There are 2 protein chains.
Amino acid sequence: MEADTPRIEEYLESIYKLQQEKHPVSTSRLAEHLKLSPPSVSEMIRKLAGKDLISHSEKGICLTEHGKTIAKKVIRRHRLSERLLTDILGFKWDEVHEEACRLEHAISPEMEERISESLGNPKTCPHGHPIPDKDGVLITEKVRPLSELKAAQKGIIVSVFEEDPKMLQYLATLGLMPDVCVRVEEVAPFGGPLIVCVSGSRYALGREVASKIKVK
Amino acid sequence: MEADTPRIEEYLESIYKLQQEKHPVSTSRLAEHLKLSPPSVSEMIRKLAGKDLISHSEKGICLTEHGKTIAKKVIRRHRLSERLLTDILGFKWDEVHEEACRLEHAISPEMEERISESLGNPKTCPHGHPIPDKDGVLITEKVRPLSELKAAQKGIIVSVFEEDPKMLQYLATLGLMPDVCVRVEEVAPFGGPLIVCVSGSRYALGREVASKIKVK
DNA sequence: CTCATTTATTAGGCATGCCTAACAACATAG
DNA sequence: CTATGTTGTTAGGCATGCCTAATAAATGAG
Ligand SMILES: [Mn+2]
Ligand SMILES: [Mn+2]
Ligand SMILES: [Mn+2]
Ligand SMILES: [Mn+2]
């Protein structure tokens, strides 16, 4: 019954992440995220459904409880790997995603626990996303995208929903990282950029980017 | 021209290790070490020869220069992984082989360097085997097996050529680890055991095991 | 409502790596 | 020298995961 390959783990991980954003996960969005052709994904979807890891109705792809459990384990290993890479090996937050994406499939439960312990059981990855605990319990803070703030409102960055190294590097130069306080100075109309103030400096920030920065 | 899969890396790594011991590496020994069927190995051998990674004459399998270069890279990653596992994550030396054998294929050149730096560029793995440097240079100390020592001779353990966790655990309880001084008290005749003295205690040690412990 | 685009699936392949069964080649013990 | 066991290879398969081309189904703009 159990037969989890790295590829299956990777699909479940992606489905989980996509579910976070917009609810119905489609074949095409999944194919795009995984950088695979739609037929490849279509085929795997059928297999995952056969293994009772997802349900595949007309309204999209959904993880089953079993699928969600596995996805959270993969995500735990991914995020712990990221922390290992930044906190112990000195990587920057924009360098860790791809590396962690490989490591997550090569880590035993024992190593997972040792990493967690060695790091003092961290609660989040370097991008601010919560790390599911050993039992799959995931504490999600109530957040909203920076793009929803009105002029003069401020918030503390909780997480940055972005994987692209270039973008992460850019955000780091602006100081837009978890735990940092941002104030919205101005919101340009017609979907224009936000003017934000971060530790004394002002920057113009596109709506697209701002929507990926979650604040509380 | 380049097309290195984890499996190819694993084969080259095994061939390299087997070459260290007895010279002519045979299909069957390789199959046994890799825990694969002889036909599977036979097939891969042909492929590796086609990629100019090994030469396959009647007198056995030999790594080419190119093959040796790749093998040493894999071994560097393996041994650095072992050090990471023991020195930073708190694993014991008997718990790291299998784990490292997976990690070695999931580590980028950048991560390899970061691990090495973070550990202070270690020269050996926890079992005392030398870690090839960035450029593949490998410093091999002149050693001889403990089993070749005569009564009253002593030596310092350099390395332990053993992968089996049970055996490593056993050796650790006796204190037979790198940098430890051993004195041979007695050598039983007809291939019998050695009586050795390690930090004040005496133990009987089979020839087989003793031959895997290298001293200087 | 209809035609065109987007989205999903089928069909047919291919590469990688593994397996078992059968056979060939060789060594060597009797 | 022959029978036997060891070693290696061929032949034929299978599972996994990916691809392109073609087709079907759904959507939505005019
Ligand atoms: Mn991943
Ligand atoms: Mn992250
Ligand atoms: Mn290995
Ligand atoms: Mn080692």
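Please read these numbers as outputs of a predicted model, since none were measured by experiment. To find a chain, count down the sequence lines: A is the first, B the second, and so on, and within it residues start at 1.
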Between [X] and [N], is there a side-chain N or O to OP1/OP2 distance below 4.0 Å?
X     : N      : result
A/T5  : D/dG17 : yes
A/S28 : C/dT6  : no
A/R29 : C/dT7  : no
B/S42 : D/dT10 : no

### Task
Could you go through the side-chain hydrogen bond (donor to acceptor under 3.5 Å, both in side chains) check for B/S159 and B/H127 one step at a time?
CA-CA 5 Å; B/S159 58; B/H127 313 97; over 6 Å; no

### Under 4.0 Å protein heavy-atom contact, by nucleotide of nucleotides 18-23 of chain C - B base, S sugar-phosphate only
BBBB--

### Query
Among A/E10, A/E162, A/E163, whose salt bridge (Lys or Arg N to Asp or Glu O under 4.0 Å) with A/K17 holds?
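With A/K17 as partner, A/E10, A/E162, A/E163 yield a single salt bridge (Lys or Arg N to Asp or Glu O under 4.0 Å), made by A/E163.
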
### Task
Select one nucleotide: of C/dT9, C/dG17, C/dT10, the one nearest the side-chain heavy atoms of A/R46.
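Closest nucleotide among those given: C/dT10.
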
#### Entry: Pair A/E13 + A/R76: basic N to acidic O under 4.0 Å
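No, this pair does not count.
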
### Task
Answer yes or no: is there an ion pair linking B/E9 with B/R77, defined by an N-O contact shorter than 4.0 Å?
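Between B/R77 and B/E9 there is a salt bridge, with a charged N closer than 4.0 Å to a carboxylate O.
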
### Query
Which residues within residues 55-64 of chain B lie with some heavy atom under 4.0 Å of an atom in DNA chain C?
none

Rounding to a whole Å, what distance do you find between [X]:[atom1] and [N]:[atom2]?
X     : N      : atom1 : atom2 : result
A/E9  : D/dT16 : CD    : P     : 15 Å
A/I45 : C/dT7  : CD1   : P     : 16 Å
A/L48 : C/dA8  : CG    : C1'   : 16 Å
A/K51 : D/dA15 : NZ    : P     : 12 Å
B/L30 : D/dT6  : CG    : P     : 20 Å
B/E10 : C/dT16 : CD    : C1'   : 16 Å

### Query
What pair of heavy atoms forms the shortest contact from B/T64 to B/D52, and how long is it?
OG1-O, 2.8 Å

Write out a two-atom table: protein N or O, nucleotide N or O from nucleotides 27-29 of chain C, distance below 3.5 Å.
none

### Message
Give me each pair satisfying salt bridge (Lys or Arg N to Asp or Glu O under 4.0 Å) with a member in residues 28-41 of chain B, each pair once, sequence neighbours excluded.
### Response
none

### Task
Return yes if a side-chain donor-acceptor contact under 3.5 Å exists between B/H129 and B/T124, otherwise no.
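Result is no, nothing qualifies.
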
### Message
Do A/S108 and B/E99 pair up side chain to side chain, a donor and an acceptor below 3.5 Å, judged on atom types alone?
### Response
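Indeed, the side chains of A/S108 and B/E99 share at least one donor-acceptor pair under 3.5 Å.
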
### Query
Hey, is NZ on B/K73 packed in by over 12 heavy atoms from elsewhere, all under 6.0 Å?
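Check fails, neighbour count at 12 or below.
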
Donor-acceptor pairs under 3.5 angstrom involving side-chain atoms of residues 85-92 of chain B: please list them, not counting sequence neighbours.
unit_1 : atom_1 : unit_2 : atom_2 : d
B/T86  : OG1    : B/E82  : O      : 3.2
B/T86  : OG1    : B/R83  : O      : 3.2
B/D87  : OD1    : B/R83  : NH1    : 3.1

### Query
By side chain to side chain donor-acceptor pair (under 3.5 Å), which residues pair with A/N121, not counting sequence neighbours?
A/S116

